[in-house]
Amino acid sequence: MSSTSPLILADGVSKKFGINQVLTRVTLEVLERDVVCVVGPSGSGKTTLLRCLALLEEPSEGQVVMEGVPISTPSPDKQVKAAAREVRSEIGMVFQHFNLWPHMSVLQNLIEAPMRVKKMPRDKAVAIAESLLKKVDLFEKRDAYPARLSGGQQQRVAIARALAMSPKVLLFDEATSALDPELRREVLAVMRQLAREGMTMLVVTHEMGFARHVGTRTVFMDRGEIVEAAPGSAFFDAPQTERARRFLQQFADE
Amino acid sequence: MFKYQFRWDTVWGSFDFLMGGLQMTLIISAITLVLAMVGGLIIALLDMSRFRPLRWIGISIGEVVRNTPILVQLLWVYYVLPIVFGVRIEALVALIIGLALYQAAFISEVYRSGIQSVPKGHREAAQVLGLTPFQSFNRIVLPQAIRMTLPPLASNFVQLIKFSSLGAVISVSEITRRGMELSATNFRPLETFTFIAVVYFFICWPLAMAIRFWERRLQAR
Ligand SMILES: Nc1ncnc2c1ncn2[C@@H]1O[C@H](COP(=O)(O)OP(=O)(O)O)[C@@H](O)[C@H]1O
């Protein structure tokens with residue numbers, strides 16, 4: 001694999017639901033150690049793009065490529081499906097509504113995939129899970145069930161669960177929008193720490209502060225298209241289009 | 001006014017006879033529940049099958065059974081099946097088959113809604129982490145679905161206790177039938193059937209209350 005090819009790439013991805021065109025030839029590459037933040041008005045297709053990259057949706061056109069290998073195409077052939085299985089767990093995802101499994105304790109949530117998918121021995125999986133729980137500062141909740149945790153704690157567990165598979169890239173789908181403002185901070189802190197440690201991340205978010213200060217690149221989407229992409233805080237300091245300016249206006253008083 | 005000399009002793013005199021019938025009622029209900037759980041699973045799998053003919057069979061069974069009276073079904077199993085297959089079916093067997101089929105059609109819906117009660121996001125989380133569809137069903141969907149199905153299954157048991165009284169019509173010797181036989185000899189239908197109604201009530205009511213409590217606790221989770 002050439003080291004210059006992006007870690008993950010949406011290559012001209014379009015997505016239609018029936019006659020509703022949600023994405024129109026979106027091309028977006030994420031390089032190693034990138035923290036790409038995707039912003040834009042709601043309904044602009046951000047989540048759908050993320051779901052295409054997470055292999056939860058099949059593109060209607062274009063392809064998703066991981067380290068040079070196509071892993072998702074419209075009606076994929078055997079080769080693409082095999083490639084997808086191969087890298088499946090290297091693409092982690094954190095959902096807006098956490099999606100922890102309520103019938104399992106926090107620890108079980110974390111060791112389930114490593115044990116079943118990677119066939120990791122239990123004690124090794126537990127050791128990894130415990131160190132991840134310490135990292136998100138929830139070690140003492142190890143045996144609690146998700147329903148006993150606050151939203152912020154649940155989301156931190158969900159992040160730890162994703163990390164337990166040591167993914168190469170982590171996708172965040174509005175990971176803080178279901179949370180009260182006080183609880184957002186603890187989740188954003190974990191995300192910031194991951195960025196600092198060099199985790200490759202693609203973050204769909206309404207947190208402009210995070211995008212501005214933590215993101216290495218900001219992508220602005222509107223009506224299914226990428227309208228602007230700029231490194232670091234450049235997008236916020238000098239938006240190029242009227243649409244972006246109007247979008248940023250709403251956050252002016254923040 | 002209503003002047004009536006109650007003769008409860010005629011009922012106490014046959015207490016063991018009636019309790020033997022109750023035992024029969026409970027055994028029939030238990031066996032039928034087990035069969036109906038298996039039958040319900042088969043119907044649910046047929047319903048969800050990828051092959052259209054199988055799906056069609058599953059849906060047809062469900063619709064026919066749910067939309068004809070249970071008593072007619074019992075009579076059909078008891079009188080018609082032997083003609084069609086040329087074998088005599090014992091009343092008890094006919095009752096169990098008929099009730100099990102009837103409950104299975106409802107239980108298949110219980111299973112289906114149990115599975116549908118598991119949010120799609122739980123499966124997507126499993127998928128993203130690399131679990132196969134089978135692992136995801138087995139480890140994530142099924143344990144949650146089963147928890148949701150247990151109270152409705154218990155309610156089905158209560159229903160079966162009541163429905164099994166229909167066995168009286170085809171002379172299965174459960175408690176209602178024994179009541180009919182007793183009142184035909186003691187000429188005391190009032191005492192006899194009142195007693196039987198009370199017996200049913202004090203079995204079904206506490207069960208129903210316990211189930212309602214159980215369901216509320218599950219929802220609170
Ligand atoms: N599974 C689906 N079926 C039909 N339409 C969908 C589906 N998922 C998303 N959409 C539509 O796609 C559009 C973009 O949605 P989304 O990607 O969630 O945007 P955003 O994340 O930017 O708010 C919306 O109009 C939404 O109704």
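Chain naming here is simple, since letters A, B, ... match the order of the sequence lines and numbering starts at 1 in each.
- Residues His97(A) and Pro119(B) form no side-chain contact, since every pair of their non-hydrogen atoms from C-beta on lies 4.5 Å or further apart.
- For Phe17(A), the CZ atom sits in a packed shell: over 12 heavy atoms of surrounding residues, nucleotides or ligands are nearer than 6.0 Å.
- Atoms OG and CZ, on Ser136(B) and Arg116(A) in that order, are 12.0 Å from each other to the nearest 0.5 Å.
- Applying the 6.0 Å contact sphere to CZ of Arg66(B) captures more than 12 heavy atoms from other residues, nucleotides or ligands.
- Highest contact tally toward chain A, considering only Arg139(B), Gln135(B), Arg123(B), is held by Arg139(B) [criterion: heavy-atom pairs under 4.5 Å].
- Taking a 6.0 Å sphere around CD of Glu86(A), one finds it holds 12 or fewer heavy atoms contributed by other residues, nucleotides or ligands.
- A donor-acceptor pair under 3.5 Å is absent between the side-chain atoms of Arg88(A) and the main chain of Leu129(B), judged by distance alone.
- Ranking Arg148(A), Glu90(A), Met165(A), Arg161(A) against chain B, the residue ahead of the rest is Arg161(A), based on heavy-atom pairs under 4.5 Å.
- Of all heavy-atom pairs between Leu100(A) and His122(B), the closest is O-NE2, 3.6 Å.
- No more than 12 heavy atoms of other residues, nucleotides or ligands sit less than 6.0 Å from atom CZ of Phe134(B).
- Remark: Gln108(A) engages Met104(A), Ser105(A), Tyr145(A) in a side chain to side chain contact (heavy atoms under 4.5 Å, CB included) (not counting sequence neighbours).
- Other residues, nucleotides and ligands contribute at most 12 non-hydrogen atoms within 6.0 Å of the CD atom of Gln23(B).
- From His103(A), atom NE2 reaches atom CD1 of Ile146(B) across 10.0 Å, with rounding to the nearest 0.5 Å.
- Highest contact tally toward chain B, considering only Val87(A), Ile91(A), Val94(A), Asn99(A), is held by Asn99(A) [criterion: heavy-atom pairs under 4.5 Å].
- Neither the backbone nor the side chain of Leu171(A) comes within less than 4.5 Å of any heavy atom of chain B.
- Both the backbone and the side chain of Glu124(B) come within less than 4.5 Å of a heavy atom in chain A.
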